[in-house]
Amino acid sequence: MKLRVWENPWRLMLAVNVAVLIGVFFYKLTREPYVPYIHLLVDYHFGFTKRALIGAVTSLFFAKVPVWLVFALSGAVWLITLGLFVKLFRRTFGFDEAQLPLFVFMAGSPFFLKNFMHTLGHFDIYGCALAMCLLLIPARSIAYVLLASAFSMILILIHHIHLLMYVPTIAVIVVLRYYLVLGFDRQNAIAGTASVAAVGLLFVAAQFWGSMAVPEADFVNYLQSRMADPARTNLLSFSFIWYQSLAQEIRDTWGRMPSNLLGIPVFALLIWLHTPLWKYFAGLIRSLSNDLHRRVVVAAIAMVSAAYLIMFAIVFDYSRWISNWAVCMFLLLHAVKTLPASQAVPPISTDDRKTTVLGWIVTLIPRVGIVRPF
């Protein structure tokens with residue numbers, strides 16, 4: 001058995017990835033969940049409020065919110081996301097030996113599950129999970145478009161920045177899996193247009209009318225009343241974000257821009273480490289039998305990337321944005337694989353030494369981070 005593992009290092013990489021994930025989890029348990037915890041406290045007590053859906057759902061089950069719930073809830077969502085990805089990968093590619101390198105570069109990427117483990121309690125993973133649900137369920141009727149719209153609105157109620165983070169990817173998945181396959185007619189065109197309008201209006205409402213209208217002291221007092229341990233007021237230090245305007249967020253981001261830009265070479269290096277995966281993705285696009293499909297896919301990648309560039313100018317959590325951009329590319333790769341192709345694309349080579357070295361480096365990097373690299 002040991003000889004077999006060493007003959008196929010990709011199996012060993014999977015085992016090492018599991019060990020790294022466990023290490024990241026225990027490291028995370030030692031950190032104070034400042035932002036993730038306060039998101040479980042904020043609900044609709046003072047009326048319509050941005051970033052309040054998760055807290056509102058939590059309030060249905062917990063009158064007093066314990067700190068451990070951050071890890072219990074986010075850990076459960078992480079496990080669900082892992083299960084969804086394994087099911088999605090099995091359906092799209094299968095789990096034979098030839099597909100192990102592709103699985104390692106995705107599942108073992110520091111952009112993906114390992115970084116979601118590091119950011120336990122943050123809202124990014126919800127967008128990924130719902131997008132994977134749309135990749136797994138049948139796209140045979142107009143109900144698929146309406147479900148995607150409902151998912152997008154749920155994400156915006158969780159946090160309005162999902163309009164830039166995962167809603168574009170969800171829109172692309174709908175276009176690739178539904179509209180390109182079944183075509184456009186009057187009914188589904190109206191449904192798509194109405195969905196886009198509804199999601200856009202909800203975002204505007206959350207962004208411009210979702211801030212707290214009561215004094216911050218009253219808001220903090222209410223949050224304390226929902227805490228299992230009200231004495232831990234340090235966990236409420238981020239209450240100001242429910243009063244922060246878009247203009248203030250942009251000013252803060254540009255104020256940090258000079259130092260944050262120093263991380264760009266590191267992000268570029270991390271993206272380069274996934275070169276075998278990007279080459280495989282490019283091969284999938286070139287193999288598409290329909291020229292229109294290829295143009296739509298290229299335009300979709302540009303659109304999703306443009307949304308992240310806008311996000312870079314607005315909010316300074318650069319490591320999270322880069323990581324989620326990469327995850328969106330992984331999801332789009334799965335969507336593209338379902339389109340008709342004129343030829344089969346060879347899997348990532350298991351014999352290429354450079355690919356193996358890159359696989360090991362990707363495996364050993366524990367995560368990317370939240371604001372700055374690592």
Side-chain angles (χ1 to χ4, degrees), residues 31-59 65 70 74 119-127 152-167 199-227 232-261 263 307-325 369-372:
R31 308 292 100 183
E32 288 280 22
Y34 293 105
V35 176
Y37 180 66
I38 197 172
H39 270 90
L40 298 187
L41 302 176
V42 180
D43 56 17
Y44 299 116
H45 177 77
F46 295 108
F48 179 71
T49 307
K50 61 185 178 182
R51 308 186 187 196
L53 181 61
I54 294 178
V57 174
T58 302
S59 68
V65 180
V70 174
S74 57
T119 58
L120 277 179
H122 287 79
F123 47 81
D124 316 20
I125 195 169
Y126 292 94
S152 299
M153 296 176 81
I154 288 171
L155 290 174
I156 288 173
L157 290 173
I158 290 174
H159 196 304
H160 49 288
I161 206 168
H162 269 297
L163 184 82
L164 298 171
M165 188 183 300
Y166 277 99
V167 169
V199 171
L201 288 173
L202 181 60
F203 167 77
V204 170
Q207 175 65 67
F208 298 103
W209 294 294
S211 298
M212 278 291 158
V214 300
E216 187 171 359
D218 294 345
F219 179 50
V220 171
N221 287 336
Y222 174 71
L223 297 183
Q224 280 186 284
S225 72
R226 295 204 59 211
M227 297 174 67
R232 300 187 65 179
T233 54
N234 62 311
L235 294 176
L236 303 179
S237 58
F238 282 86
S239 61
F240 69 90
I241 61 180
W242 276 267
Y243 293 85
Q244 198 170 35
S245 66
L246 177 61
Q248 183 59 49
E249 289 179 349
I250 294 174
R251 282 195 295 270
D252 290 347
T253 298
W254 284 85
R256 295 169 179 251
M257 189 72 74
S259 62
N260 285 343
L261 288 178
Y308 275 91
L309 287 176
I310 295 171
M311 198 154 49
F312 259 61
I314 296 174
V315 186
F316 52 77
D317 288 0
Y318 283 5
S319 292
R320 284 169 62 201
W321 308 156
I322 283 287
S323 298
N324 283 284
W325 171 84
I370 294 177
V371 179
R372 295 182 177 87

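Everything numeric here is computed off the predicted structure, so don't read it as measured data.
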So M212 and S239, do their side chains get closer than 4.5 Å, heavy atoms only? no

When rounded to the nearest 0.5 Å, the distance separating CD1 of I241 from CD of Q248 is 13.0 Å

Within this structure, what is the CD1-OG1 distance for the pair I54 and T58, rounded to the nearest 0.5 Å? 7.0 Å

Kindly assign one of parallel, tilted or perpendicular to the pair F203 and H160, based on the angle between their ring planes and the thresholds 30° and 60°. tilted

Ring geometry between F219 and F46 (parallel below 30°, tilted from 30 to 60°, perpendicular above 60°): perpendicular

Does a side-chain heavy-atom distance below 4.5 Å link F240 with F238? yes

Can a donor-acceptor pair be found, under 3.5 Å and without considering hydrogens, that links the side chain of Y318 to the backbone of F312? yes

So which atom in A56 and which in S59 form the shortest heavy-atom distance, rounded to 0.1 Å? O-OG, 2.5 Å

Rounded to the nearest 0.5 Å, the CD1 atom of I314 sits from the CG atom of D252 at a distance of 13.0 Å

Output yes when a side-chain donor or acceptor of W321 lies under 3.5 Å from a complementary backbone atom of V315, and no otherwise. yes

Could you tell me whether a side-chain N or O of R226 sits under 3.5 Å from a main-chain N or O of L40, the two making a donor and an acceptor? yes

Distance-only, no hydrogens or angles: does the H122 side chain make a donor-acceptor pair with backbone N or O of D124 under 3.5 Å? no

Close side-chain approach of T49 to D43, heavy-atom, < 4.5 Å: no

Between I250 and A313, which heavy-atom pair has the shortest distance, and what is it? CG2-O, 4.0 Å

Only counting residues at least two apart or in another chain, list the ones meeting salt bridge (charged side-chain N to carboxylate O under 4.0 Å, His left out) with R256. none

Spell out, as yes or no, whether a donor-acceptor pair under 3.5 Å connects the side chain of S211 to the backbone of Y243. no

In this structure, CD1 of I158 is separated from NE2 of H39 (nearest 0.5 Å) by 10.0 Å

Smallest separation among heavy atoms of G121 and S74, with atom names: N-CB, 3.2 Å

Quick one, I38 and L235 - any side-chain contact, counting heavy atoms below 4.5 Å? no

What is the distance from atom CG of N324 to atom CG of D317, rounded to the nearest 0.5 Å? 10.5 Å

Within-4.5 Å side-chain heavy-atom neighbours: I161 and M311: yes

Which atom of P36 lies closest to which atom of L120, heavy atoms considered: CG-O, 3.6 Å

For the residue pair F48 and Y44, categorise the inter-ring angle as parallel (less than 30°), tilted (30 to 60°) or perpendicular (more than 60°). parallel

Indicate yes or no for a side-chain donor-acceptor contact from W209 to the backbone of V204 under 3.5 Å, with no hydrogens or angles considered. no

Please examine the side chains of M165 and W325, heavy atoms only from C-beta on, and report whether any two atoms are closer than 4.5 Å. no

Output yes when a side-chain donor or acceptor of Y34 lies under 3.5 Å from a complementary backbone atom of L236, and no otherwise. no

Out of curiosity, N260 CG to F316 CZ, how far, rounded to the nearest 0.5 Å? 8.0 Å

Identify, with sequence neighbours excluded, every residue that meets salt bridge (charged side-chain N to carboxylate O under 4.0 Å, His left out) alongside E216. none

Row check, F123 ring normal vs R320 NZ/CZ: under 6.0 Å, within 45°: yes

